[in-house]
Amino acid sequence: MEQSGTSALLQGAVQDLASDVVSALRGGDHVRMSGTSAMDDVEGSLTLAAVRVLGADLLLPHVLFPAPPDPEALAAFRRTAEAYPPRPDAGPTVHWSHWAMRRTLTRLGSPSPAPPGTDAGEPGTAWLETATWQALTHQLAVLAALAVPGEDSAVARVARGRPVDLARGFVRAVRRRDWQQAAGAGRWLTLVDGVPDTLGLEAGLDFVELMGGTDPRVALQVQAARVMRAAGALV
């Protein structure tokens, strides 16, 4: 019961953070982290865990817009990046998510050193380069925080090389009603060339947002795609 309660609190904290990011993306403003303090414990571990789940997307508005990060959000982001380095045996998406957080700090002029004993460079992408189109879409949706303009990461290069496979995965996710995966794939499709015109991506993202209902993590990906689409940005 205690574990279930903690999980529910964490899920709520992640949803609150995602809502704050969506609000900032829509208004071009700071991410204010309005909902976490009331639920947090004295050490702030719930906030850090929620930031870890959301990853680099917590500061996405400050990558896309010129507004500087709110000091509270930046401090929580940095603390999370430093407190939760990936274990050596962690999966590649974990390593990439942590790399994206450190990369975001660098882009915002507040770099964080790589954890001791780890490589400061990019993780590998061998597992992604040989993935089926279904697995590719799933993995890229998990790594949607890497879909930002001007970020020429190895993951972005894989996405650029397989736009048709990613489009197929987007359609499959919509048909399976996997709105988070569809939204993440749609964000990548906004940033790559060679997407089939027949996909109808803009209308597809509108549909994903509608069917995603009140899930702010779906809304975050869709709104990010809209902002980047409006800017005409490509990876």
Can you tell me how far apart [atom1] ([X]) and [atom2] ([Y]) are? Round to the nearest 0.5 Å.
X    : Y    : atom1 : atom2 : answer
H95  : L143 : NE2   : CG    : 12.0 Å
L166 : L189 : CG    : CG    : 4.0 Å
T130 : L136 : OG1   : CG    : 10.0 Å
L48  : F77  : CG    : CZ    : 12.0 Å
R102 : S97  : CZ    : OG    : 12.0 Å
W99  : S153 : CH2   : OG    : 5.0 Å

With side-chain contact (heavy atoms from CB on, under 4.5 Å) as the criterion, how do T137 and R172 come out once you've worked through the C-alpha distance, each side chain's angles and the decisive distance to 0.1 Å? CA-CA 9 Å; T137 305; R172 178 176 181 265; over 6 Å; no

Are any of the side-chain heavy atoms of [X] and [Y] separated by less than 4.5 Å?
X    : Y    : result
M101 : T106 : no
P61  : V21  : yes
T93  : Q139 : yes

For residues [X] and [Y], report the shortest heavy-atom separation together with the two atoms involved.
X    : Y    : answer
T47  : A76  : CG2-CB, 4.2 Å
W188 : A159 : CE3-CB, 3.7 Å
V192 : P163 : CG2-CB, 4.2 Å
L191 : P149 : CD1-N, 4.2 Å
L105 : A81  : CD1-CB, 4.3 Å
L74  : P69  : CB-CB, 4.1 Å

So, does E122 use its side chain to make a donor-acceptor pair with the main chain of A154 at under 3.5 Å? yes

Any donor-acceptor N/O pair, H98 side chain to P86 backbone, under 3.5 Å: no

Identify, with sequence neighbours excluded, every residue that meets side chain to side chain donor-acceptor pair (under 3.5 Å) alongside [X].
X    : result
R187 : D57, Q221
Q134 : T132
R157 : none
R168 : none

[X]: which residues meet the salt bridge (Lys or Arg N to Asp or Glu O under 4.0 Å) condition with it, sequence neighbours left out?
X    : result
D215 : none
D89  : R87
R226 : D206, E209

Going by the rule side-chain contact (heavy atoms from CB on, under 4.5 Å), which residues pair with R52 if we only count those two or more places apart in sequence or in a different chain? T80, Y84

If the condition is side-chain contact (heavy atoms from CB on, under 4.5 Å), which residues does A100 pass it with, not counting sequence neighbours? A56, L146

Let me check something: do L108 and V227 share a hydrophobic cluster, defined by ILVMFWY side-chain heavy atoms less than 4.5 Å apart, either directly or through other members? yes

Indicate, with yes or no, if M211 and V174 share a hydrophobic cluster defined by side-chain heavy-atom contacts under 4.5 Å among Ile, Leu, Val, Met, Phe, Trp and Tyr. yes

According to ring pair (Phe, Tyr, Trp, His ring centres under 6.0 Å), does anything in residues 128-181 pair up with another residue at least two apart or in another chain? List the pairs. W179-F207

Would you check, one step at a time, whether the test side-chain contact (heavy atoms from CB on, under 4.5 Å) holds for D70 with H62? CA-CA 9 Å; D70 179 82; H62 309 295; 5.6 Å; no

Which is it for W96 and V142 under the side-chain contact (heavy atoms from CB on, under 4.5 Å) test, yes or no, and what are the steps along the way? CA-CA 10 Å; W96 270 107; V142 171; over 6 Å; no

By the salt bridge (charged side-chain N to carboxylate O under 4.0 Å, His left out) test, which pairs, at least two apart or in different chains, include something from residues 175-184? none

For residues 129-144, the salt bridge (charged side-chain N to carboxylate O under 4.0 Å, His left out) pairs (sequence neighbours left out) are none

Single hit among V53, V222, V22 for side chain to side chain contact (heavy atoms under 4.5 Å, CB included) with R217: V53

L205 and T190: CA distance, side-chain angles, deciding distance, side-chain contact (heavy atoms from CB on, under 4.5 Å) verdict: CA-CA 10 Å; L205 284 170; T190 300; 4.1 Å; yes

